[in-house]
Visitor: 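Just dropping this structure here.
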Amino acid sequence: MLLQIILSGILVGFVYSLVAVGLTLIWGVMDIINFAHGDFLMVSMYTVFWLYTLLRLDPLASLPIAALVTFVLSFLTYKLIIKRVINAPGLTALLATFGLSLFIRNFAQYLWTPNYRFITTSLVTDKKLEMGSVIIGIPQLVAALGSIMMTFLVVWFIKNTKTGRAIQAAAQSRDTAKLMGINTEKIYAVTFGISGACVGVAGALLATFFPIYPESGALYSLLAFVIVALGGFGNIAGALYGGVLIGLSEALGGFFLGTQFKYAIVFLIYLLVLQFRPKGLFGW
Amino acid sequence: MNVKNFRIDTLYGILIVILLLPFMNSNINFRHVMVIFLIFAGLGEAWNIITGFAGQTSFGHAAFFGIGAYTSTILFYKFGISPWIGMLAGAVLATVISVIVSYPCFRLKGHYFAIATLAVAEIIKQLFISWDYVEGATGISIPIVEESVTSMQFHSSKIPYFLIAYVLFLITTMTARYIENNKMGFYLKAIRESHEAAEALGIDTTRYKLYAMMVSAALTATFGTLYAQYILYIDPFMVFTLEVSMKIVLLSVLGGLGNIYGPIIGAAILIPLSEYTRVYLGGTGKGIDLMIFGALIIFVACFEPNGILGLLKKKRSRRRGDVYARADA
Amino acid sequence: MFMQEPMLEVQNVTMKFGSLIANEDVSFSVHKGEIVSLIGPNGAGKTTLFNCITGFYRPYAGRIYFQGRDITGRPPHEITAMGLTRTFQIVKPLKEMTVKENVLTGAFLRASSRKEAEKIAEEVLEMTSLSGKKDMPAGSLTIADKKRLEIARALATGPKMVMLDEAMAGLNQTEIKEAMELCLNLKNRGITLLIVEHIMEAIMPISDRVVVLNAGKKIADASPEEVTSNEEVIKAYLGERYHAKSKKSEHGV
Ligand SMILES: Nc1ncnc2c1ncn2[C@@H]1O[C@H](COP(=O)(O)OP(=O)(O)OP(=O)(O)O)[C@@H](O)[C@H]1O
Ligand SMILES: [Mg+2]
């Protein structure tokens, strides 16, 4: 039983990691809290849902489309909004992303009502993997594996491509990056796009076993904030480990103290860890 | 030359206009909007003390608001104690809790602090959701009694609620103003600008941040009590959520951060907008009201990053040809 | 005069950052009314020592006494309250506040009312020739004025001793002259000074004593004349720099 809990905690943790990686990228490169991050996830879920409903496309098949949609959405967010507030004082950038979150969420509600939607048949629906007493849902397993793959793809991209290295340089220091002749404008837009693609992938993977409604991204945003801070702002490895840690503490906390406390445990873990590492697990 | 006097007069002028408005228009919706406006303007003023002055971004003020609402409600619901006493008790409790949570949070800087306040508020929400004594997620309907000042319930008119909200708002604004013009205000702003410089000037940064948090929490809680008495029902999702915290943040930033006019201006724009759009468009459940709300926020953030106040200042200084308009921000 | 207890006493202070030893077993003292200069090449550990003395860092080893009281590891604000304050090499103006508000913030430490604080602030602004700019936001000042503001703010706290970290860097010849006069003026008022500075021609004439740091270690502690002729100091530091600096300043830099 305990093994089962631990495993499912880790699996969901990897999805959290992917969402957090997207958030931490923006945070690290631009020092911006994107409150609309979770709403991009919701957009991805609806994308997958409509492709499934209207074109009978399997969620896994429409995953690249969903990722592209959120990439573009996120890219445009930078071009249309963030660009104007990136150098603004204090909490202005946050104000803008919060406004965007409100807008997207309610636009979704306007278009598609607040009702819960489900994808009831897909390649992975209701399939299970049984290993002795441990039962793992295939949708969860696929979501975790997909998230791991996307996370490593992002890491690979940042480490090994020219654009990726430019992103790294911009994260170090805006001015240095400019001096190195990097077009920061373009890099920021691409970073935003990649961040969107991360939640796009996560959203498509979650859509196979998670209800789809205008607020389905809210919880993920909230958890992603905590994970990003837990790992250290802008730290990708931190987001990866942080996600798994949060997935685990949520599962174990829920098991030992009751599910109603599982998120309270998550937030408590954050407060506790930060007492010893005030800049996050991997922060300096 | 008389910039200072001019500013004082402006504040008093604004306060008098606010007081007169609901007596000039007896429309019930209008009076309702005025009550909510005062509550949120006051919450913004209280929040501004810790975030605008001291620069410690709190995303968790819903916690203090909720504690104020629940304390008076529980005392009345379970023991029949007057909400006025409940309001005081709530303020005291919120202060105590602010001290307890501030110690671990103040070790953190910047965003780490902001997320920590959010975490604290979420923990408190979860506890209330699953705490049977306070009726958990079901919430509490405050028993209706005969209207009176002692019971803080008024059923025939919104004016008494308005007056109470006005007094709380006045106390909060005047407190913020007093702080701003005295040692504590200077100390808090110094902390906001540079922790290290503040320490070198002999400022006990932790202590002053704590004072700011305590005052802010106590004032926030009083509005919680009033809100509960006004709506006559509370549950954890109404008072403890991130939405409440963020609404306070939004209107203050929208108006202009770190200035006592900011929350008043921000609330004067956002609250009527959200309340009226809710009345006229919200009934459809389609969320058009919040869409407009969101779009407006984006618009202001993009085109007037210093808040509405920044816009007004720019206008004024352009007329005066004053290069240093931001000086009195 | 030197029989009495020193104002500031630094005893065997060592400070490390990881494996880097920024201060190694440094000891010296400053007496009441003195102007002592702390010099050394870039990276010698001067600022680090300032941070240790004023409580921004807790030294790895050693003790620091101010007026006979052990202040090692005490928080900076307590040390300032005791009468020992400092300026920052990398200036830290309270940007969104005006020049006067910056100074006023410091003045509140000893003032019992806003009125009294205003009075202190006016005096200090006058003394540091900032009166004309008092309503400007501190963030918009020139670097020279920001350096002045650092000093003004420190003075407003009513200190017994002030530590200046390169307060003259970036000033022109006239401004340096003014700064030197200000230092002597402060000395006359009974304020003890510990000055970190690279501009030799500015500090040598006003210093009673010079302490030299090199690679974290103290290599000399003597009168300006003795220090300028000390072989080790010349080798470590003065040789090229003193000449280079004075040449540069001849060209009016
Ligand atoms: N916070 C820190 N972390 C790590 N190393 C540091 C830190 N502060 C200073 N150092 C290192 O300690 C050494 C001494 O630096 P310090 O700033 O004290 O020198 P300094 O004498 O003030 O130099 P300068 O004349 O350039 O101001 C340098 O090698 C510096 O790189
Ligand atoms: Mg230095």
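As a basis for the values below, the full set of heavy atoms in this structure was taken, side chains included, without hydrogen atoms, waters or symmetry mates. A, B, ... follow the sequence lines: proteins, then strands. Residue 1 opens every chain.
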Visitor: Where on B:Leu296 is there a heavy atom nearer than 4.5 Å to chain A: the side chain, the backbone, both, or neither?
Guide: neither
Visitor: Looking at side-chain heavy atoms only, is the closest gap between A:Tyr213 and A:Trp112 below 4.5 Å?
Guide: no
Visitor: Where does A:Trp27 contact chain B at under 4.5 Å (heavy atoms): side chain, backbone, both or neither?
Guide: side chain
Visitor: With a 4.5 angstrom heavy-atom cut-off, which part of A:Ile82 approaches chain B: side chain, backbone, both or neither?
Guide: neither
Visitor: State, with a plain yes or no, whether a side-chain heavy atom of B:Phe106 is found less than 4.5 Å away from one of B:Met213.
Guide: yes
Visitor: Answer with side chain, backbone, both or neither: which region of B:Leu290 has an atom nearer than 4.5 Å to a non-hydrogen atom of chain A?
Guide: both
Visitor: First locate atom CD1 of A:Ile246, then atom OH of A:Tyr241, and finally report the distance between them rounded to the nearest 0.5 Å.
Guide: 15.5 Å
Visitor: Name the option with the most non-hydrogen atom pairs under 4.5 Å to chain A; the candidates are B:His111, B:Gln126, B:Arg107.
Guide: B:His111
Visitor: Non-hydrogen atoms of chain B under 4.5 Å away: do they reach the side chain of A:Phe98, the backbone, both or neither?
Guide: side chain
Visitor: So B:Ser252 and B:Asn48, side chain to side chain donor-acceptor pair (under 3.5 Å) or not? Walk me through it.
Guide: CA-CA 7 Å; B:Ser252 309; B:Asn48 204 25; 5.7 Å; no
Visitor: Heavy-atom pairs under 4.5 Å with chain A - which of B:Leu127, B:Val249, B:Thr51, B:Ile297 has more of them than the others?
Guide: B:Ile297
Visitor: At a heavy-atom separation under 4.5 Å, does B:Leu242 approach chain A through its side chain, its backbone, both, or neither?
Guide: side chain
Visitor: Which word best sums up how the rings of B:Phe64 and B:His61 line up, parallel for under 30°, tilted for 30 to 60°, or perpendicular for over 60°?
Guide: perpendicular
Visitor: Based on non-hydrogen pairs under 4.5 Å, which of A:Leu222, A:Asn87, A:Val228, A:Leu230 is most in contact with chain B?
Guide: A:Leu222
Visitor: Measure from NZ or CZ of A:Lys279 to the centre of the six-membered ring of B:Tyr112, then state whether that distance is under 6.0 Å and the direction lies within 45° of the axis.
Guide: no
Visitor: Between A:Tyr78 and A:Tyr188, what is the ring plane arrangement, given parallel below 30°, perpendicular above 60°, and tilted in between?
Guide: perpendicular
Visitor: Tell me, side chain or backbone of A:Val226 under 4.5 Å from chain B's heavy atoms, or both, or neither?
Guide: both
Visitor: What part of A:Leu271 is in contact with chain B, defined as an atom under 4.5 angstrom from a non-hydrogen atom: side chain, backbone, both or neither?
Guide: side chain
Visitor: Where does A:Ile33 contact chain B at under 4.5 Å (heavy atoms): side chain, backbone, both or neither?
Guide: side chain
Visitor: Is the distance between the ring centroids of A:Phe103 and B:Phe293 less than 6.0 Å?
Guide: no
